Student: 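Questions regarding the structure given below will be posed in turn.
For clarity, every value in this text was computed on a predicted model and none was experimentally measured. Chain identifiers are assigned alphabetically (A, B, ...) following the order of the sequence lines, protein sequences preceding nucleic acid strands; residue numbering begins at 1 within each chain.
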2 protein chains.
Amino acid sequence: MRLSETFWILISSSTAGSMRVTLKDLAKKLGLSVTTVSRALAGYDDVAENTRRRVRQTAQEMGYYPNITAQQLRRQRTDTLAFVIPTHGPRLSDPFFSELLAGIGNEAGRHRFDLLVSTQPPDSEAEREAYRRIVHGRRADGALVVRTRQKDERIRFLSEQGFPFVAFGRSDLGIEFPYVDEDSYTGMRLLAQHMVDLGHRHFGFISAPAGLLFCRLRLDGYRSVLQANGFPANGGLVVSGDLAQRSGFRAAQELLGRTPRPTAIIACNDLMALGAMSAAQKMGLTVGRDLSVGGFDDIPLAEHAHPPLTTMRQPIYEIGQRITRMLVQLIQVPRGLSGEEEAPAERQVLLTPQLIVRESSGPPPGSA
Amino acid sequence: MRLSETFWILISSSTAGSMRVTLKDLAKKLGLSVTTVSRALAGYDDVAENTRRRVRQTAQEMGYYPNITAQQLRRQRTDTLAFVIPTHGPRLSDPFFSELLAGIGNEAGRHRFDLLVSTQPPDSEAEREAYRRIVHGRRADGALVVRTRQKDERIRFLSEQGFPFVAFGRSDLGIEFPYVDEDSYTGMRLLAQHMVDLGHRHFGFISAPAGLLFCRLRLDGYRSVLQANGFPANGGLVVSGDLAQRSGFRAAQELLGRTPRPTAIIACNDLMALGAMSAAQKMGLTVGRDLSVGGFDDIPLAEHAHPPLTTMRQPIYEIGQRITRMLVQLIQVPRGLSGEEEAPAERQVLLTPQLIVRESSGPPPGSA
DNA sequence: ATTATACTCCAAAACGTTTTGGAAGTCAAG
DNA sequence: CTTGACTTCCAAAACGTTTTGGAGTATAAT
């Protein structure tokens with residue numbers, strides 16, 4: 001088949017540079033076995049110093065680079081972590097995830113793990129399929145779960161399958177699993193108490209999708225403070241948003257339309273708090289004087305908002321690093337089976353967020 | 001070795017659920033060959049309707065899921081895209097990337113591609129290694145390059161290797177390659193002209209790392225407008241930032257300390273513009289009246305800033321989708337070799353950003 | 001001269017798929 | 001009874017590694 005041969009040559013020359021050098025090529029060139037070449041490159045000591053040099057030299061010259069897929073198949077591990085980002089609408093404009101992703105990405109890199117990212121709407125069939133692919137398809141060695149939900153099916157699934165994972169956030173499934181979480185309840189208590197101490201009596205709260213555990217905890221914390229201070233148990237208006245800025249804007253518009261008008265608005269996260277400030281300002285109110293606003297997260301923008309936002313600081317970047325480090329340890333533990341005892345890995349971490357008072361909060365208008 | 005057997009049983013039962021079902025297991029159970037099982041599941045028509053049903057049924061029951069790594073190795077493709085995010089400091093807090101990542105992630109998912117993300121400092125050895133791993137290690141089928149640089153070595157490398165990629169941004173290497181870019185030069189001209197038209201005469205400009213092509217183009221556009229309006233060629237002060245909010249803050253502080261004090265500050269991106277607003281406000285200036293500020297990108301925050309930021313809108317999310325779609329087409333083209341002509345893929349796209357006038361810009365203080 | 005001890009090397013199996021190139025069997029037409 | 005066409009199945013090779021369990025050769029000790 002002369003013609004087909006020509007064809008092949010054309011093709012292969014047009015994709016120049018894509019012809020890969022394999023161990024077999026190296027072995028042939030060197031007059032060695034594939035085994036020896038492999039072991040030489042891996043640095044085993046059952047190959048002569050001289051041979052090793054020769055192999056390395058030639059590998060360099062021929063531009064050998066191991067095929068990672070083949071390594072993965074043979075070694076039965078991928079050295080990859082999976083991170084499925086729950087994204088509500090088409091967008092994920094939440095800086096929270098940037099920050100987290102940076103922490104995860106950098107730490108994964110430090111441990112020579114690749115990171116597989118996918119974006120899926122929470123609780124969707126697509127999300128379930130993504131996790132199935134990861135676990136059953138052996139696409140990664142471990143998974144990171146974020147924005148945990150009340151009865152989190154992702155956590156249940158991963159637990160049942162015995163697949164290594166670490167969560168950012170807890171859940172209430174009655175399952176013991178490794179996580180890092182900030183203490184949303186206590187944190188929100190601190191923030192709410194701060195507002196009460198300033199003299200506020202009329203509150204508005206901007207909550208978020210019911211299923212998100214941290215939102216419920218924050219709302220609970222908020223309510224507990226109101227109650228402890230003798231305000232009606234359900235005192236304070238609660239409006240729900242979707243964590244995005246725009247929804248905070250709308251929620252605040254609604255809250256500020258009520259009578260008596262709240263003098264302090266607390267939002268479930270910074271982004272909505274910023275939206276709320278924006279709404280107040282559009283109505284001609286001066287935030288920090290006419291209305292106090294508080295957020296939660298301390299995203300980088302909070303500090304540079306106008307006025308700077310009072311909020312609860314969570315070290316998001318560091319949490320990203322930390323859950324990643326925990327996951328890597330979890331994955332690597334089996335390898336240490338025969339070795340000496342490792343430092344016992346931390347499994348459950350609860351951080352207390354720190355109150356950051358800035359100019360968006362102050363005493364209510366009428367106070368001395 | 002009785003003991004070792006017991007040991008193995010203990011281990012394997014403790015990792016319950018992690019024992020995978022393979023094609024071979026299915027074949028044995030069904031009394032068929034691996035070939036037939038594989039082809040039945042893949043839907044080939046050379047397996048009897050009845051057998052196919054039986055196979056699918058059993059696969060379901062036994063919870064079979066193909067091993068993706070094995071598929072990748074055999075098929076010689078990974079169905080994976082690689083995205084190396086250039087991140088300066090340890091953080092990546094730029095919402096620009098969230099937005100972009102969302103677009104990329106969603107579009108990749110739509111085409112059933114996985115997304116491999118890594119974060120690396122630009123122009124570093126680590127970054128080079130990341131690309132080598134992708135290309136030579138065959139870790140992905142294509143790559144996305146963003147934040148292009150003047151002589152972009154990533155682009156040179158990928159081109160030389162004949163590896164499929166699409167860039168967000170151009171470069172000046174004299175190489176033809178597929179990209180989507182917004183017209184930074186023209187965009188910035190529009191913005192600067194807007195300020196001139198408002199009556200401003202004293203400008204400050206917040207620039208960014210020299211190597212970033214879009215920054216140079218924006219600066220060029222800015223200068224060209226000053227010049228065209230008869231202001232001194234280098235009229236207007238230029239201070240450099242690193243694209244982060246904080247650096248915009250500092251740069252603005254410096255600019256506002258000069259005499260005559262600029263009445264308009266334009267920043268290379270929104271984040272620094274927001275930082276600049278923050279600095280001005282801290283000095284007691286009212287943005288939009290005492291000082292006009294303009295940004296570039298129209299990140300979601302721009303609209304909700306206080307005051308809302310005048311900026312050039314780039315559809316970042318859509319650009320993410322678009323470069324991803326282009327890359328997928330590029331990768332899949334070889335598969336269509338024998339088929340009919342496909343719609344010719346677009347290779348180079350230049351978008352003109354749109355001026356969004358908001359309240360952060362207005363006439364200079366002394367004007368009628 | 002024989003045995004032990006390193007020291008180097010390698011053939012073959014395995015990881016779990018997909019694909020190639022038939023091999024059997026059935027059935028209808030000649 | 002042959003032939004050819006069709007249907008249904010399969011053995012084996014391949015993808016590119018790593019690892020197992022020796023084999024072959026020197027060198028040193030007996």
Side-chain angles (χ1 to χ4, degrees), chain A residues 1 4 18-56 58-59 62-80 133 135-139 141 335 338, chain B residues 1 4 18-56 59 62-80 133 135-139 141 335:
Chain A
M1 285 273 204
S4 133
S18 89
M19 277 207 29
R20 311 254 18 90
V21 179
T22 70
L23 279 188
K24 209 190 328 183
D25 300 330
L26 267 186
K28 198 182 306 175
K29 177 89 150 201
L30 284 160
L32 289 171
S33 76
V34 170
T35 307
T36 305
V37 176
S38 170
R39 311 208 101 216
L41 291 173
Y44 281 81
D45 63 354
D46 67 348
V47 20
E49 178 55 31
N50 193 34
T51 319
R52 190 168 4 194
R53 260 204 307 276
R54 223 161 50 87
V55 170
R56 294 221 164 123
T58 317
M62 298 182 64
Y64 171 76
Y65 201 104
N67 180 308
I68 295 174
T69 305
Q71 286 184 326
Q72 290 181 345
L73 179 59
R74 172 60 229 219
R75 303 212 253 235
Q76 292 289 86
R77 80 185 125 94
T78 60
D79 291 330
T80 299
R133 187 174 164 82
V135 173
H136 292 140
R138 283 257 167 288
R139 193 70 234 273
D141 298 340
R335 297 186 202 165
S338 52
Chain B
M1 283 273 208
S4 132
S18 87
M19 276 206 29
R20 311 252 20 86
V21 180
T22 70
L23 279 187
K24 212 193 322 186
D25 299 330
L26 268 185
K28 199 181 305 174
K29 177 88 149 202
L30 284 158
L32 289 171
S33 76
V34 169
T35 306
T36 304
V37 176
S38 170
R39 312 209 96 214
L41 292 173
Y44 282 81
D45 64 354
D46 67 349
V47 19
E49 179 54 31
N50 193 34
T51 318
R52 192 167 4 194
R53 260 205 306 276
R54 223 160 52 88
V55 171
R56 294 221 164 122
M62 298 182 65
Y64 170 75
Y65 202 105
N67 180 307
I68 295 173
T69 305
Q71 287 184 326
Q72 291 180 345
L73 179 58
R74 172 59 228 218
R75 295 185 172 147
Q76 293 288 85
R77 81 185 125 95
T78 59
D79 290 330
T80 300
R133 187 174 163 81
V135 174
H136 293 141
R138 282 262 170 283
R139 195 68 235 275
D141 298 339
R335 295 186 203 166

Student: In residues 62-71 of chain B, which residues come under 4.0 Å of DNA chain C by heavy atom?
Tutor: B:Tyr64, B:Tyr65, B:Pro66, B:Asn67, B:Ala70, B:Gln71
Student: If you take all heavy atoms of B:Thr78 and B:Arg138, which pair is closest and at what distance?
Tutor: CG2-O, 3.5 Å
Student: Which one of B:Thr36, B:Leu32, B:Val37 satisfies the side-chain contact (heavy atoms from CB on, under 4.5 Å) criterion with B:Leu23?
Tutor: B:Val37
Student: When you match A:Asp46 and A:Ala42 each to their closest nucleotide on DNA chain D, which lands nearer the 5' end?
Tutor: A:Ala42
Student: Can you tell me which residue pairs pass the salt bridge (charged side-chain N to carboxylate O under 4.0 Å, His left out) test with a partner in residues 28-42 of chain A, sequence neighbours excluded?
Tutor: A:Arg39-A:Asp46
Student: Here's a test of your reading of the structure: between B:Arg74 and A:Arg52, which maps to the more 5' nucleotide of DNA chain C?
Tutor: A:Arg52
Student: Starting at atom CG of A:Leu30, determine the distance to atom P of C:dC10, rounded to an integer number of angstrom.
Tutor: 10 Å
Student: What's B:Gly31 touching, base or sugar-phosphate or nothing? Going by heavy atoms closer than 4.0 Å.
Tutor: sugar-phosphate
Student: Of A:Val47 and B:Leu73, whose nearest nucleotide on DNA chain C comes first from the 5' end?
Tutor: A:Val47
Student: Specify the closest pair of heavy atoms between A:Asp141 and A:Asp79, including all atoms of both residues, with the distance to one decimal.
Tutor: OD2-N, 2.7 Å
Student: Contact between B:Arg52 and B:Glu49 at the side-chain level, heavy atoms closer than 4.5 Å - yes or no?
Tutor: yes
Student: So for the helix from C:dA1-D:dT30 to C:dG30-D:dC1, with five pairs setting each end axis, what is the inter-axis angle to 10°?
Tutor: 70°
Student: How would you give the extent of chain B contacts on DNA chain D, as first and last nucleotide 5' to 3' within a 4.0 Å heavy-atom cut-off?
Tutor: D:dT8 to D:dG16
Student: Partners of B:Arg54 by salt bridge (Lys or Arg N to Asp or Glu O under 4.0 Å), sequence neighbours excluded?
Tutor: none
Student: Looking at every heavy atom in both B:Val34 and B:Lys24, which two are closest together, and how far apart are they?
Tutor: CG2-CA, 4.0 Å
Student: What's the shortest heavy-atom distance between B:Gly43 and B:Arg56, and which atoms?
Tutor: CA-NH2, 3.7 Å
Student: Is any side-chain heavy atom of A:Gln72 closer than 4.5 Å to a side-chain heavy atom of B:Ile68?
Tutor: no
Student: May I ask you to test the A:Asn67-A:Thr22 pair for a side-chain heavy-atom distance under 4.5 Å?
Tutor: no
Student: Just checking A:Thr22: base, sugar-phosphate only, or nothing, at a heavy-atom cut-off of under 4.0 Å?
Tutor: sugar-phosphate
Student: Run the side chain to side chain donor-acceptor pair (under 3.5 Å) test against A:Thr69 and tell me which residues pass, sequence neighbours left out.
Tutor: none
